[in-house]
Amino acid sequence: MKDRWLLNLVLVGWVLLATMAETPPTLAARTTVDPRAEVAAALYAASATQAAVERAADAILRTLRKEIEALRTQVRTGAAQRQADLTAAEEKYVAALASRDRVYAQEIAVFRKTVEDIAATPE
């Protein structure tokens with residue numbers, strides 16, 4: 001459990017570094033950072049999420065994942081108005097997975113708190 005927490009913390013750092021490493025035009029186009037979107041993206045990308053998905057092997061989750069990937073592509077190619085849809089889809093995915101896997105729900109709750117604390121800082 002401690003190793004998984006550490007791995008998730010490293011993943012949060014990676015997500016934050018990836019956000020800061022965006023190309024200048026993309027970064028300049030972002031006027032503000034949406035903490036909700038950052039939290040949703042980190043939870044979706046968490047290693048605990050990926051492990052729980054493998055255990056679940058659920059058709060609904062596969063469909064949601066395809067929807068998320070399509071929305072992510074749209075956001076990357078300039079459809080910034082789809083960011084809210086992407087955030088909602090990632091949150092729905094994590095919630096659906098948590099409802100199926102009690103252990104995952106507990107792990108992701110701890111991870112969510114950590115990510116929300118980080119996202120709440122002005123930096």
Side-chain angles (χ1 to χ4, degrees):
M1 183 77 157
K2 188 175 182 180
D3 291 339
R4 187 176 295 248
W5 182 86
L6 181 59
L7 183 60
N8 282 332
L9 189 57
V10 169
L11 181 60
V12 169
W14 178 80
V15 169
L16 294 174
L17 285 174
T19 301
M20 293 184 325
E22 293 180 6
T23 59
T26 304
L27 191 56
R30 292 172 97 179
T31 56
T32 59
V33 173
D34 180 0
R36 181 177 165 224
E38 297 300 322
V39 168
L43 296 177
Y44 176 77
S47 62
T49 301
Q50 305 313 312
V53 167
E54 289 177 20
R55 289 190 305 267
D58 185 276
I60 293 171
L61 292 173
R62 283 192 296 273
T63 301
L64 286 172
R65 187 176 197 84
K66 287 179 185 176
E67 177 185 337
I68 289 167
E69 294 308 318
L71 287 167
R72 184 170 283 150
T73 299
Q74 291 173 9
V75 169
R76 280 189 196 131
T77 58
Q81 71 276 11
R82 298 304 307 260
Q83 181 63 53
D85 295 335
L86 174 59
T87 300
E90 289 172 337
E91 290 171 337
K92 182 178 177 181
Y93 185 86
V94 169
L97 192 52
S99 72
R100 290 169 172 79
D101 187 330
R102 186 177 53 85
V103 172
Y104 169 73
Q106 293 170 342
E107 289 175 347
I108 209 68
V110 171
F111 186 57
R112 177 188 305 274
K113 175 72 174 122
T114 302
V115 174
E116 286 173 344
D117 288 349
I118 293 169
T121 61
E123 297 84 29

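We number each residue from 1, following the sequence as shown. None of the values given here were measured: they were computed from a predicted structure.
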Atom pair [atom1] ([X]) and [atom2] ([Y]), whose distance is rounded to the nearest 0.5 Å:
X	Y	atom1	atom2	result
Glu107	Arg112	CD	CZ	13.5 Å
Leu61	Thr49	CG	OG1	10.5 Å
Leu86	Glu91	CG	CD	10.0 Å
Glu38	Glu116	CD	CD	13.0 Å
Glu67	Arg62	CD	CZ	15.5 Å
Lys113	Asp117	NZ	CG	3.5 Å

Write down the atom of Glu90, the atom of Ala40, and the distance for their closest heavy-atom approach.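 Closest heavy-atom pair between Glu90 and Ala40: OE1-C, 3.5 Å.
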
Identify the two heavy atoms, one from Ala98 and one from Ala105, that lie closest to each other, and give their separation to 0.1 Å.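 Here Ala98 and Ala105 meet closest at O-CB, 3.6 Å.
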
Taking Ala59's backbone N and O only, do any of them form a donor-acceptor pair with Thr63's side chain (distance below 3.5 Å, no angle check)? yes

Is Val94 close to Tyr104 at the side-chain level, that is, under 4.5 Å between some pair of heavy atoms? yes

Heavy-atom check, side chain of Val110 versus side chain of Gln106, under 4.5 Å: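 Val110 vs Gln106: side chains apart.
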
Just one of Thr73, Val75, Thr77, Thr87 clears the side chain to side chain contact (heavy atoms under 4.5 Å, CB included) bar with Arg82, so which one? Val75

Single-linkage hydrophobic cluster Val103~Leu97, side-chain heavy atoms < 4.5 angstrom: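 Per the 4.5 Å side-chain linkage, Val103 and Leu97 are not co-clustered.
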
Return each pair, listed once, that meets ring pair (Phe, Tyr, Trp, His ring centres under 6.0 Å) where at least one residue sits in residues 63-89; pairs must be two or more places apart or across chains. none

With ring pair (Phe, Tyr, Trp, His ring centres under 6.0 Å) as the rule and sequence neighbours excluded, what pairs involving residues 47-88 come up? none

With sequence neighbours left out, what residues match Lys66 under side chain to side chain donor-acceptor pair (under 3.5 Å)?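 Not a single residue meets the side chain to side chain donor-acceptor pair (under 3.5 Å) criterion with Lys66.
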
